[in-house]
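Here the structure comes first, spelled out in structure tokens, and everything after it is commentary.
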Number of protein chains: 2
Amino acid sequence: MNEIDKKLTDKEVRPTAMRTLVYQQLAKQNTAVALTDIELAFTKADRTTLYRTVKTFEEKGIVHQIDDGTGISKYALCEPGCNCEIENDLHLHFHCSNCDKTVCLTEHKIPQISLPDGYVAEDVNLVVKGICSGCSGS
Amino acid sequence: MNEIDKKLTDKEVRPTAMRTLVYQQLAKQNTAVALTDIELAFTKADRTTLYRTVKTFEEKGIVHQIDDGTGISKYALCEPGCNCEIENDLHLHFHCSNCDKTVCLTEHKIPQISLPDGYVAEDVNLVVKGICSGCSGS
DNA sequence: AAGTTAATGCACTTCCATTGCACTATAATT
DNA sequence: AATTATAGTGCAATGGAAGTGCATTAACTT
């Protein structure tokens, strides 16, 4: 059993051929990708399958979904220390308005947010929009 | 000329009957509303008109659009000191997963975010999801 | 190998966002 | 006041992404 299949098994996801390939594809990316992007990479596979594959990954904590404000859900593999389900350990995301790519700034943690009385936080989503390093030319 | 029409004129928006009514409606809300909500309040008006009215408001800085992670755009009137276009003066939004309402926490400013070299921030969107004061029963 | 369960593919639906075009109202000009 | 120009509104239709139901196929279990 290879690396990827072991990772999937660890997360209680049966390593089918499709899932291994999707994982591989996600691992190649350095940005968060939309379902459409994955679809384009697997023209022979059905969109629904990819959709459900990613959803399974998400439920099992293999990827996290990112809402970057474009209205299109993006997905990225959780890093080793991602813990995206644990509050206060959330990292922020950056969406480049030039190249339209979304990256996880894993090392940039979201600061503690104070809320008015009676408000209970369960999840925090912080997206910075602007120009990424690739596009700013620096 | 009444209050609302003056405000619209100040922002270079011609105060039509429709626009005045939509503004009025938005002013009544204490939460950010979806286009569908506005539509329900104006059953005789066309969805497109409302859509474009809100878009116009947005362009002219009368309302700001909120992406609360539900996938449905919400809109709220800009407060007197809103300045939603100026960075570092951005407030955060709270989306209640129980009542599904989104509120602007105007007094809660978003802290300064540090970014890696080469990244230029233009806009910041911070949404906290959880239970609002109305639903938490406190 | 038979049977059970999970995964996949196809077709279809829904929902919101958005656009094109015709019509109407408002403002500007003569 | 009539005419023209411009902006706003309504209707119809499109598009894109998310999601569901069901039949088929593949993968595990015994």
Side-chain angles (χ1 to χ4, degrees), chain A residues 1-2 4-6 8-26 32-60 62-75 95 100 102, chain B residues 1-2 4-6 8-26 32-60 62-75 95 100 102:
Chain A
M1 189 185 277
N2 66 51
I4 293 177
D5 289 2
K6 194 151 54 190
L8 294 179
T9 309
D10 282 355
K11 297 280 189 177
E12 301 182 319
V13 173
R14 276 162 57 171
T16 65
M18 198 68 251
R19 285 170 176 171
T20 308
L21 287 169
V22 170
Y23 190 101
Q24 230 165 44
Q25 177 67 17
L26 287 169
V33 295
L35 193 58
T36 312
D37 298 326
I38 304 174
E39 209 183 334
L40 289 172
F42 296 101
T43 45
K44 55 259 164 186
D46 188 71
R47 209 182 56 80
T48 314
T49 303
L50 299 169
Y51 169 74
R52 284 195 265 234
T53 300
V54 171
K55 279 291 165 199
T56 304
F57 282 6
E58 193 191 346
E59 279 163 21
K60 299 297 185 176
I62 294 168
V63 304
H64 59 268
Q65 190 188 38
I66 300 154
D67 172 19
D68 62 8
T70 58
I72 299 160
S73 294
K74 303 283 165 61
Y75 302 91
H95 177 72
D100 201 45
T102 300
Chain B
M1 188 184 276
N2 66 50
I4 293 177
D5 289 3
K6 195 150 53 186
L8 295 179
T9 309
D10 282 356
K11 298 280 189 177
E12 300 181 321
V13 173
R14 275 163 56 175
T16 65
M18 198 69 249
R19 285 169 176 173
T20 307
L21 287 170
V22 170
Y23 190 102
Q24 230 164 47
Q25 177 68 18
L26 288 169
V33 295
L35 192 60
T36 311
D37 299 325
I38 304 173
E39 207 183 337
L40 290 171
F42 296 101
T43 46
K44 55 259 162 184
D46 188 72
R47 183 186 167 76
T48 314
T49 303
L50 298 169
Y51 170 74
R52 284 195 266 234
T53 300
V54 171
K55 279 292 168 202
T56 304
F57 282 7
E58 193 191 345
E59 280 162 22
K60 300 297 186 178
I62 295 170
V63 304
H64 59 269
Q65 189 188 40
I66 301 154
D67 173 18
D68 60 9
T70 58
I72 299 160
S73 294
K74 303 284 165 61
Y75 302 91
H95 176 72
D100 201 45
T102 300

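Throughout, a chain's letter reflects where its sequence line sits, starting with A, and its residues are numbered from 1.
In this structure, A/Leu8 atom CG and D/dA27 atom C1' are separated by 15 Å, rounded to whole Å. Across the protein-nucleic acid pair, A/Phe42 atom CZ and C/dA7 atom P stand 17 Å apart, rounded to whole Å. Spacing between atom CG of B/Asp5 and atom P of D/dG8 amounts to 14 Å, rounded to whole angstrom units. Atom CD of A/Glu12 is separated from atom P of C/dA6 by 13 Å (rounded to the nearest Å). Rounded to an integer number of Å, the gap from CD of A/Glu58 to P of D/dA18 is 11 Å.
Under the side chain to side chain donor-acceptor pair (under 3.5 Å) criterion, A/Thr102 pairs with A/Asp68, A/His95, sequence neighbours left out.
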Give the B/S/- string for nucleotides 8-17 of chain C, one per nucleotide from 5' to 3', where a protein heavy atom under 4.0 Å of the base yields B, of only the sugar-phosphate yields S, and otherwise -. BBBB----SS
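Annotation: side chain of B/Leu50 is in contact with side chain of B/Met18 (closest heavy-atom distance under 4.5 Å). No side-chain heavy atom of B/Lys11 sits under 4.5 Å from any side-chain heavy atom of B/Phe57. You'll find the side chain of A/Ile66 stays beyond 4.5 Å of the side chain of A/Tyr75, heavy atoms only.
Considering B/Thr49, B/Val33, B/Ile62, B/Ile38 as possible partners of B/Val54, the one that fulfils the side chain to side chain contact (heavy atoms under 4.5 Å, CB included) test is B/Ile38.
Residue pairs meeting the salt bridge (charged side-chain N to carboxylate O under 4.0 Å, His left out) criterion with at least one member in residues 47-59 of chain A, sequence neighbours excluded: A/Lys55-A/Glu58.
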